[in-house]
Participant: 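Let me begin by handing over the structure; questions about it come next.
Residue indices begin at 1 and follow the sequence shown. Atoms within each ligand, like the ligands themselves, are counted from 1 in listed order.
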Amino acid sequence: MTILRAAHRICPLCESTCGLLVDIDHRRITRIAPNPRDVFSGGHSCAKGLGLGALESDPDRVRTPLLRTPEGGFRAATWDEAFGEIARRLPEFVTGDPGSCAIYHGNPGAHHLDTTFYLGELIAALGTRGIYSPASVDTWPKNLAHILLYGTGLGLSLPDIDRTEYLLILGSNPVVSNGSTVTAPGMADRLRRLRERGGTLVVVDPVRTDTAALADLHVPIRPGTDALFLFGVLSVIATERLSRPARIPESVHGVAEVLDLAREFPPEVVGPACGIDPELVRRVARGFAAAGSAVAHSRMGSCMQEFGTIANWLVEVVTIVTGNLDRPGGAMFALPPCGGPNTWPISTARPMVGRWRSRVRGLPEAMGELPAVCLAEEILTPGPGRTRALLTVAGNPARSLPNTGHVENALRELEFMVSVDCYVNETTRYADVILPPPPLATRGHHDVTLAHFQIRNVARYTPPLLDLADDELAEWQILLRLAAIAEGESGRSIEELDDEVAAVAARRAAKLAGVEPDRALASTTGRHGPGRLLDLRLRSGPYGDRFGAEPGGLTLALLEANPDGIDYGPLRPRLPEVLRTPDGRVEVMPEPIVADIARLRGSLARPVPDLLLINRRQRRAMNSWLHNALPQPDDGQCALLMNPVDAAGRALVDGDRVTVASSIATVTAELRVDDALRTGVVSMPHGWGHRGPGLRTTRSAAAPGTDYNALVDDTAALEPLTAAPIFNGVPVTVTRRREERTR
Ligand SMILES: Nc1nc2c(c(=O)[nH]1)N[C@H]1C(S)=C(S)[C@@H](COP(=O)(O)OP(=O)(O)OC[C@H]3O[C@@H](n4cnc5c(=O)[nH]c(N)nc54)[C@H](O)[C@@H]3O)O[C@H]1N2
Ligand SMILES: Nc1nc2c(c(=O)[nH]1)N[C@H]1C(S)=C(S)[C@@H](COP(=O)(O)OP(=O)(O)OC[C@H]3O[C@@H](n4cnc5c(=O)[nH]c(N)nc54)[C@H](O)[C@@H]3O)O[C@H]1N2
Ligand code: SF4
Ligand SMILES: [Mo]
């Protein structure tokens, strides 16, 4: 039996990608500590990473395939039985109408090599356009702004946090979330160091969050008004001539026009709409423009809101016009070790948005996927192309998507459903077959996707620590088996299928590296699965050894020999080479966004709802799925937070049991009065509401919490450019349930 001490493991839970050291006894993780020598995370970790052992040993985890029984429960099955059932039932939905089998792949998939490399095989085998993921309820407004400005939705501009003199954060609470679309382990320490070296931190958030508490200035904005705030900042830059043309790269066009446009949004106009003193807008504009280097960074709070795309576009514009694009301390682009859309040759002259539309509502695709708000109606609306079967891989749409009632009604109507997942939760309880991924310690780890968001160019890999047990399958093997079934080739061996995938990857890698395909493939001899594909990508990537043509260059073997990682240094300027726009320029005034400004203007004259609900994240949670394995602080963590003034106005007191009603649903929650929230705003965490029959999550079902997304509209109220739901800024009313006092 294996006993391992202080073995390297990169945490797969959040975007911080912390390096950890784990002890393993007899296949159990017995101890976890942060790795002080990790070249990137240097000893940082959090309660979630340190709780990976509890997560892995959770008695409720699914460890064998499960098959639905005629009585409606599940029974354990062998892999052969499970795949047999899938082979019997799935092909009908794949070979007929191309839309009839859809797939939803969730957040953990972005963190694992298996899904990164093999999910595409399954999706291609399904031949469906019914492809959904949380990207459309998480980042699309930001992705779209980047596609229109820089040409790709993945190669995002990043705040150079470690060198900037002025950091403006909008709608993100990285001290709790550990950051998003910015990979910077130990964020709180980095923010403290920014201030210690004399820099300025400004946080724009309706709540005085733990991040705002670290800031020089907190701007307590009204939800949904970030675009107005940023236009206000830009108007000051325009009227006070604070832009710095000499520092704006030549590839940028349209700066004068955008500054002209901003003049109609002076602080006196936007201040009242944002619910803040106009002087704050001026102060931020002047401070930002005067700093030696400055950068704005936006996330969830300013993405999943009514004007998300405009807001995320303006984040870039403010950085650009002040001469902070592609400069140290400003907004820069990573150079990811495996390469990616902004290192590869341009693949299409058409932006990856709106190339096709959903069947029922005609909503546009983006980056190959349909908006996840379409999933339920595509299942429930009769007619040709109706979605009748669904695969979910590492996702919990029943708690993550808006209008969870609608989503669950749809899941109930499916004729066949397969879930690759480690829990029987609100989504997978509707599956006919559940296929569990193996223990974490059997997997290698490198962050192919998140490397696009790294604020320092580093490369790290942690290898599998354990072999698969006899009754375990690797997740990549599960995905390949499913792909083979979808293609009507269920008899083929995994090895053969994997060789085929590797041969295609080798041709691509060889082309990028400028060598013969045989040479690329031969260089990876002895490897298989994700390790082989990773080696091909690393060696053909920006630091790669080009299969021997650049001796000393990056290979997987080199990373294996350097388990604390390899540091390639701070981000370096990449313009204009990084651009993938059709004309190779940055057009600051993209037509689709400019056309949406009339809607923003219109919002100025609107009455403001009494209470707007916004989301908050919790330290020991990861969206919907750690509530069971990790002890969560008391039930009050799920409470509805409200400012004392709003509470007094409604004769509510701390501990009241309240009804929260939106335009589509009503839920109950415990009230906590908290002056960290601005007036007119209430907050709750998402991903809770662990209720209903069939769950196998003992601990979270005993403390189910409130389902935020039951309240969020999935039809009427969407951000129009991306069909993103408006999680932040949901109009609600809150009243006491008289019969109930909890404390
Ligand atoms: N502990 C923990 N960490 C996580 C997760 C988790 O669930 N728990 N989830 C992970 C995932 S998938 C993601 S995408 C990231 C997200 O990471 P972040 O983007 O940092 O997300 P949040 O922590 O939700 O912070 C959003 C902030 O926006 C504020 N806000 C709400 N509405 C508005 C608005 O209209 N304008 C402005 N300016 N602010 C607003 C909220 O008050 C909140 O403080 O976190 C990741 N990390
Ligand atoms: N109201 C509101 N809603 C939100 C958000 C918000 O801020 N507010 N945030 C949104 C965001 S940013 C996101 S990313 C989404 C998340 O949306 P989802 O990805 O749909 O939801 P998660 O809760 O992350 O669920 C992850 C699932 O993966 C499973 N899982 C974990 N590890 C593995 C693995 O290794 N392999 C497999 N196969 N399965 C695994 C878990 O059991 C769980 O079922 O939620 C979104 N929903
Ligand atoms: S911050 Fe994120 S990556 Fe680091 S230990 Fe915590 S969950 Fe894992
Ligand atoms: Mo997310």
Participant: Of the side chain and backbone of L50, name the one, both, or neither that has a heavy atom under 4.0 Å from an atom of ligand 3.
Facilitator: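 Under 4.0 Å from ligand 3, L50 contributes no heavy atoms.
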
Participant: Within the 3.5 Å criterion, strictly below it, is a donor on T17 or R460 matched to an acceptor on the partner's side chain?
Facilitator: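 Checked: T17/R460 side chains pair up, N/O donor to acceptor below 3.5 Å.
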
Participant: State, with a plain yes or no, whether a side-chain heavy atom of K48 is found less than 4.5 Å away from one of N178.
Facilitator: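 Counting from C-beta outward, K48 and N178 do come under 4.5 Å.
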
Participant: Just need the protein heavy atom nearest to atom 15 (C) of ligand 2, so name the residue and atom and give the distance.
Facilitator: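 I find the closest protein heavy atom is P134 CB, 3.6 Å.
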
Participant: Would you mind running through ligand 2 and noting each atom that sits below 4.0 Å from a heavy atom of V137?
Facilitator: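 In order of number, 10 (C), 46 (C).
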
Participant: At what distance is the nearest protein heavy atom to atom 8 (N) of ligand 2, and which residue and atom is it?
Facilitator: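 The closest one turns out to be N615 OD1, 2.9 Å.
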
Participant: Would you confirm whether S172, through its side chain, and S298, through its main-chain N or O, come within 3.5 Å as a donor-acceptor pair?
Facilitator: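 No; zero donor-acceptor contacts below 3.5 Å.
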
Participant: We want to know whether T427 and N396 form a side-chain donor-acceptor pair, criterion being a heavy-atom distance below 3.5 angstrom.
Facilitator: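 Short answer, yes.
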
Participant: Just by modelled atom types, is the S41 backbone N or O under 3.5 Å from a matching donor or acceptor in the D38 side chain?
Facilitator: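 Side chain of D38 to backbone of S41, a donor-acceptor pair under 3.5 Å: yes, one is there.
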
Participant: Tell me, please: is P185 in heavy-atom contact with ligand 3, that is, under 4.0 Å?
Facilitator: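 The answer is no, since P185 has no heavy atom less than 4.0 Å from ligand 3.
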
Participant: Under a heavy-atom criterion of less than 4.0 Å, does R399 contact ligand 2?
Facilitator: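 Contact absent.
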
Participant: Would you mind telling me if ligand 2 is within reach of the side chain of S400, the backbone, both or neither, using heavy atoms under 4.0 Å?
Facilitator: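 Near ligand 2, S400 shows its backbone as well as its side chain.
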
Participant: Examine H44 and say whether one of its N/O/S atoms is closer to atom 4 (Fe) of ligand 3 than 2.8 Å.
Facilitator: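 No, since none of the N, O or S atoms of H44 sits under 2.8 Å from atom 4 (Fe) of ligand 3.
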
Participant: Identify, by atom number and element, the atoms of ligand 2 in contact range of H112, meaning under 4.0 Å from any of its heavy atoms.
Facilitator: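 Once the distances to H112 are compared, the set is 35 (O).
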
Participant: For atom 3 (N) of ligand 2, find the nearest protein heavy atom and state the residue, atom name and distance (0.1 Å precision).
Facilitator: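 Answer for atom 3 (N) of ligand 2: N709 ND2, 3.1 Å.
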
Participant: Between R617 and ligand 2, is there a nitrogen or oxygen pair with a distance under 3.5 Å?
Facilitator: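 Yes.
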
Participant: Treating S419 as the side-chain partner and D421 as the backbone partner, does any N or O pair qualify as donor plus acceptor under 3.5 Å?
Facilitator: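 A pair under 3.5 Å: no.
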
Participant: Using a strict cut-off of 4.0 Å, indicate which atoms of ligand 2 neighbour a heavy atom of Y423.
Facilitator: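 Contacts of ligand 2 toward Y423, numbered from 1: 42 (O).
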
Participant: At less than 2.8 Å, would any N/O/S atom of C11, backbone or side chain, sit next to atom 8 (Fe) of ligand 3?
Facilitator: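 A backbone or side-chain N, O or S atom of C11 is under 2.8 Å from atom 8 (Fe) of ligand 3.
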
Participant: Return the residue, atom name and 0.1 Å-rounded distance of the protein heavy atom closest to atom 6 (C) of ligand 2.
Facilitator: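 Here the closest protein heavy atom is H686 ND1, 3.4 Å.
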
Participant: Name the closest protein heavy atom to atom 2 (Fe) of ligand 3, giving the residue it belongs to and the distance to 0.1 Å.
Facilitator: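 Answer, as residue, atom name and distance: C14 SG, 2.3 Å.
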
Participant: Closest by any non-hydrogen atom to atom 27 (C) of ligand 2: pick that one out of S133, A394, G106, C422.
Facilitator: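 Going through S133, A394, G106, C422 one by one, A394 has the nearest heavy atom to atom 27 (C) of ligand 2.
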
Participant: Please name the residue in the list Q632, H690, R620 that meets the side-chain hydrogen bond (donor to acceptor under 3.5 Å, both in side chains) test with H627.
Facilitator: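 Checked Q632, H690, R620 against H627; only one passes side-chain hydrogen bond (donor to acceptor under 3.5 Å, both in side chains): H690.
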
Participant: Among L156, I161, V182, exactly one meets side-chain contact (heavy atoms from CB on, under 4.5 Å) together with H297. Which residue is that?
Facilitator: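 Between H297 and the candidates, side-chain contact (heavy atoms from CB on, under 4.5 Å) is satisfied uniquely by V182.
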
Participant: Please determine if E56 and R61 form a salt bridge, counting it only when a charged side-chain N lies under 4.0 Å from a carboxylate O.
Facilitator: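 Between R61 and E56 there is a salt bridge, with a charged N closer than 4.0 Å to a carboxylate O.
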
Participant: Among all the protein's non-hydrogen atoms, which is closest to atom 38 (N) of ligand 2, and how far away is it?
Facilitator: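 Going by distance alone, atom 38 (N) of ligand 2 is nearest to E475 OE2, 2.8 Å.
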
Participant: Can you name the closest pair of heavy atoms from A723 and V373 and give their distance?
Facilitator: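 Looking at all heavy atoms of both residues, the shortest contact is O-CG2, 3.6 Å.
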
Participant: Does an N or O anywhere in V420 fall below 3.5 Å from an N or O of ligand 2?
Facilitator: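 Indeed, backbone or side chain, V420 has an N or O that close.
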
Participant: Using a 3.5 Å distance criterion without hydrogens, assess whether the side chain of R672 forms a donor-acceptor pair with backbone atoms of A639.
Facilitator: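 No, because the side chain of R672 does not come within donor-acceptor range (under 3.5 Å) of the backbone of A639.
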
Participant: If you measure from each non-hydrogen atom of M300 to ligand 2, which part falls under 4.0 Å: side chain, backbone, both or neither?
Facilitator: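 It is the side chain that gets close, since no backbone atom is under 4.0 Å.
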
Participant: May I ask you to list the atoms of ligand 3 that are less than 4.0 angstrom from any heavy atom of N178?
Facilitator: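 Checking each atom against N178, I get 1 (S).
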
Participant: Return the residue, atom name and 0.1 Å-rounded distance of the protein heavy atom closest to atom 6 (Fe) of ligand 3.
Facilitator: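 Looking at atom 6 (Fe) of ligand 3, the protein heavy atom closest to it is C46 SG, 2.3 Å.
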
Participant: Would you call D162 and R456 a salt bridge, using N to O less than 4.0 angstrom?
Facilitator: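 No salt bridge links D162 with R456.
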
Participant: Within the side chain of N728, is there an N or O that forms a donor-acceptor pair under 3.5 Å with the backbone of M300?
Facilitator: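 Side chain of N728 to backbone of M300, a donor-acceptor pair under 3.5 Å: yes, one is there.
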
Participant: Closest non-hydrogen protein atom to atom 32 (N) of ligand 2, residue and atom name please, with distance?
Facilitator: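 Result: W625 CH2, 3.5 Å.
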
Participant: Should the pair F83 and W79 be assigned to parallel (<30°), tilted (30 to 60°) or perpendicular (>60°) ring geometry?
Facilitator: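 Ring orientation of F83 relative to W79: parallel.
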
Participant: Atom CG of L370 and atom CG of L363: how far apart are they, to the nearest 0.5 Å?
Facilitator: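 It comes to 8.5 Å.
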
Participant: Where the closest heavy atom to atom 29 (C) of ligand 2 is concerned, which of L711, D421, L613, N425 has it?
Facilitator: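 The nearest heavy atom belongs to D421.
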
Participant: Counting only heavy atoms, tell me which of D138, I434, N396 gets closest to atom 12 (S) of ligand 2.
Facilitator: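 Ranked by closest heavy atom to atom 12 (S) of ligand 2, first place is D138.
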
Participant: What protein heavy atom lies closest to atom 35 (O) of ligand 2? Include the residue and the distance to one decimal.
Facilitator: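 The closest heavy atom on the protein side is R443 NH1, 3.0 Å.
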
Participant: Using a heavy-atom cut-off of under 4.0 Å, does the side chain or the backbone of S624 touch ligand 2, or both, or neither?
Facilitator: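 Looking at S624 and ligand 2, atoms from backbone and side chain both fall under 4.0 Å.
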
Participant: Mark up the atoms of ligand 2 that fall under 4.0 Å of a heavy atom belonging to Y708, in ascending order.
Facilitator: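 Under 4.0 Å from Y708, ligand 2 has these atoms: 1 (N).
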
Participant: Classify the ring geometry between F727 and Y708 as parallel (under 30°), tilted (30 to 60°) or perpendicular (over 60°).
Facilitator: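 Perpendicular: the ring planes of F727 and Y708 meet at over 60°.
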
Participant: Tell me which part of R616 gets within contact of ligand 2: side chain, backbone, both or neither, using heavy atoms under 4.0 Å.
Facilitator: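 Neither part.
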
Participant: Can you find a pair of side-chain heavy atoms, one from I123 and one from H105, that are under 4.5 Å apart?
Facilitator: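 Yes, side chains in contact.
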
Participant: Determine whether any heavy atom of H111 lies closer than 4.0 Å to an atom of ligand 2.
Facilitator: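 Under 4.0 Å: no for H111.
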
Participant: Show which atoms of ligand 2 fall inside a sub-4.0 Å distance from at least one heavy-atom site of Y104.
Facilitator: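 By the 4.0 Å cutoff, the relevant atoms are 17 (O), 18 (P), 20 (O).
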
Participant: Check for a donor-acceptor pair, side chain of H146 on one end and backbone N or O of N143 on the other, with a separation under 3.5 Å.
Facilitator: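 Side chain of H146 to backbone of N143: no pair is present.
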
Participant: For ligand 2, which atoms have a heavy atom of N107 less than 4.0 angstrom away?
Facilitator: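 Near N107, the atoms of ligand 2 are 14 (S), 19 (O), 24 (O).
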
Participant: May I ask you to list the atoms of ligand 3 that are less than 4.0 angstrom from any heavy atom of L13?
Facilitator: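 Those atoms are 7 (S).
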
Participant: Identify the protein heavy atom lying closest to atom 4 (Fe) of ligand 3, giving its residue, its atom name and the separation to 0.1 Å.
Facilitator: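 Minimum-distance protein heavy atom for atom 4 (Fe) of ligand 3 reads C18 SG, 2.3 Å.
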
Participant: Side chains of Y430 and E408: do they bring a donor and an acceptor to under 3.5 Å?
Facilitator: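 Present: a donor and an acceptor within the cut-off.
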
